[in-house]
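Just so we're on the same page: letters track the sequence lines, and every chain starts at 1.
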Amino acid sequence: MHDLRLLRERPDLLRDALRRRGALDALAPTLERAEALERSRREAIRAAEAKRADSNAISQEVRRRKQAGDDAGALIEQGRRLGAELEQLDRERADAEAAYTSLVAELPNLLLADVPAGGEEANRVIRSWGTPRPATAVRPHWEIAEALGILDLPRAAKVAGSGFLVFRGLGARLVRSLMSFMLDLHTITHGYEELWVPAVVNRASMFGTAQFPKFEDEQYGLVAEDLFLVPTAEVPVTNLYRDEILEGATLPRAFAAYSPCFRREAGAHGKDTRGLLRVHQFDKVELVRYSTPEHAPAQLELLTSHAEAVLQQLGLAYRVVLLAGGDTGFASAKTYDLEVWAPGVGKWLEVSSCSTFTDFQARRANIRYRPAAGGKPAFVHTLNGSGTAFPRLIAALLEQYQEADGSVRVPDVLRAGLGTDRLG
RNA sequence: GGACGGGUGGCCGAGUGGUUGAAGGCACCGGUCUCGAAAACCGGCAUACCGGCAACGGUAUCGUGAGUUCGAAUCUCACCCCGUCCGCCA
């Protein structure tokens, strides 16, 4: 959600962001309609409020006359007629406002100045870490996992459907170990507060983080309850402080939460369908930070470094990619993707996406802070990043650490949790 | 799932149809007093939108939404949430 005043006074900023997102052509008509709607909206508000003022004045006069013992019958009749007119004007106002806000809700966030224009091809690798294992003589992870008996895709498909997972034995224990490893790293070393949150959320939460209304068809819903399975812990964690005012002195605040994540992946049929690359339910430890506006850019760098630490401790080669405008998510103002090298499939796999949302989510969710220096409450900046998503990480681990004899070496930091230094 | 009670400003809390955006208190800000502080006292203190260069004016907001009424925090209905008791249950 944008500041409506900014929208009115600096439409050039929005146009620039849309251009860098490569969405200007697609959204220019929306923008023009919004600008036209804004005018009729204001006219409707003015008309309705003027009529309401008349109506209020009549009510006051009725009261005065009644107290004075005078007859108010004619006035009451006048008020009645005014009320009918008012109803009409109010309806027009409501229609104009609804049309305008629903249109504005479709506009993506502005972009920070250093986000490159263009689509995926304009993404920039900012830095790399580790030595990628050559993509030769390494089997893809689904073959390794099947051979080790730690993943049972056919039975997962039987009990739930394609795109769902059953880990078994050390595979299941690997998931559990990753959960502990990541949460310990972020809470003990990086200072995050650990949260355990609902796996379902309501509409207001989905709107707050901007999954709704634009991406409703990506979500699994519990129809009878009007609740939705979380696509990421970002939703419950960011909405934790919805409609609240935080003390400025308590910022920045940092939360780490494990949750299962559910995504319909509508429209992604046929892409990365094998193995662990794209599934409907996966596990993730999510990092969320609340910041004042001035510190948010630095907070994004810090958050990204915390997600990177996971990969470093696991000894996995990765690269940090600054997404171009066209690849940057709807609500994000700037995003770094962390891509881990998976030699078996010969691809860099996105295991984390670290973003700053400026005040875009905070407006929608009405999350404010009272500046420590005093002054009016202002919207916080929200940030989040995966730290990290499990399935693709597991794929990279299996492919990176497979030995010639078919077994898989376990990185040091997972040995205690797994109770072994070798799978197979 | 059933019965009853309740949701008012940053917080607590009055208010059951008419100058109530809403008493009072706390917190916060400014001042007087003081060497300084506390206390006491005085004053200030919601947000959003619309119009206006501005002073200022208007409108909305008492859980949410609809309704009754000339007029709703106050009456009606639905829903949400919290509490207490009962039932059920891992």
Side-chain angles (χ1 to χ4, degrees), chain A residues 1-9 34-105 196-208 212 221-228 236 239-251 253 290 292 359 362-380:
Chain A
M1 183 69 65
H2 293 92
D3 181 355
L4 298 185
R5 193 177 308 125
L6 184 88
L7 217 58
R8 192 164 76 221
E9 291 169 3
E35 280 160 356
L37 273 173
E38 157 67 359
R39 284 188 292 275
S40 52
R41 166 182 161 271
R42 279 201 281 170
E43 180 47 43
I45 289 174
R46 227 169 44 74
E49 287 189 350
K51 187 68 74 179
R52 171 80 59 190
D54 291 347
S55 167
N56 285 347
I58 286 177
S59 294
Q60 286 307 323
E61 184 60 17
V62 168
R63 171 171 185 273
R64 219 182 48 75
R65 291 201 188 177
K66 282 195 168 182
Q67 272 180 349
D70 295 343
D71 174 61
L75 267 183
I76 288 178
E77 181 49 41
Q78 196 183 340
R80 208 187 311 260
R81 282 198 309 273
L82 215 50
E85 294 174 40
L86 193 52
E87 210 169 321
Q88 174 62 22
L89 284 173
D90 255 342
R91 210 170 9 247
E92 286 170 18
R93 194 237 331 237
D95 289 349
E97 290 201 295
Y100 180 65
T101 53
S102 75
L103 215 55
V104 168
W196 188 95
V197 294
V200 296
V201 293
N202 55 30
R203 265 177 197 284
S205 294
M206 282 293 201
F207 180 83
F212 284 7
L222 308 178
V223 176
E225 319 287 353
D226 206 32
L227 293 173
F228 303 87
N239 278 282
L240 206 62
Y241 289 103
R242 173 152 48 80
D243 292 323
E244 292 195 41
I245 300 175
L246 305 170
E247 284 306 324
T250 67
L251 297 174
R253 305 198 62 172
Y290 293 73
T292 56
D359 60 5
R363 277 178 198 288
R364 299 170 77 102
N366 189 30
I367 307 167
R368 294 173 293 169
Y369 74 102
R370 201 178 301 282
K376 288 186 178 182
F379 291 109
V380 301

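Taking atom CD on A:E247 and atom P on B:C11, their separation rounds to 11 Å, with Å as the unit. Going from atom CD of A:Q67 over to atom P of B:G71 covers 18 Å, rounded to whole Å. Here B:G51 presents its C1' atom at 11 Å from CD of A:E43, a figure rounded to the nearest Å. For A:R370 and B:C45, the CZ to P distance is 16 Å, given to the nearest whole Å.
Residues satisfying the ring pair (Phe, Tyr, Trp, His ring centres under 6.0 Å) criterion with A:F228, sequence neighbours excluded, are A:F212. Every residue meeting the salt bridge (Lys or Arg N to Asp or Glu O under 4.0 Å) condition with A:R42, not counting sequence neighbours, appears here in chain and number order: A:E38. Remark: A:E61 engages A:R64, A:R65 in a salt bridge (Lys or Arg N to Asp or Glu O under 4.0 Å) (not counting sequence neighbours).
Nucleotides B:C80 and B:C28 are separated by 32 Å at their C1' atoms, to the nearest Å.
Residues of residues 77-92 of chain A that place a heavy atom closer than 4.0 Å to RNA chain B, in numerical order, are A:G79, A:R80.
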Name every donor-acceptor pair, under 3.5 Å, that has one atom in a side chain of residues 91-100 of chain A and the other anywhere in the protein, sequence neighbours excluded.
| from | atom 1 | to | atom 2 | distance (Å) |
| --- | --- | --- | --- | --- |
| A:R91 | NH2 | A:Q88 | OE1 | 3.1 |
| A:E92 | OE2 | A:Q88 | NE2 | 3.0 |
| A:R93 | NH2 | A:D90 | OD1 | 2.7 |

(message) For a quick check, with a 4.0 angstrom heavy-atom cut-off, what is the B/S/- contact string for nucleotides 54-63 of chain B, read 5' to 3'?
(response) ----BBS---

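Residue contacts for A:R363: at a heavy-atom cut-off of 4.0 Å it reaches no nucleic acid atom on any strand shown.
Using Watson-Crick or G-U wobble geometry with both donor-acceptor distances under 3.5 Å, B:A46 finds its partner in B:U61.
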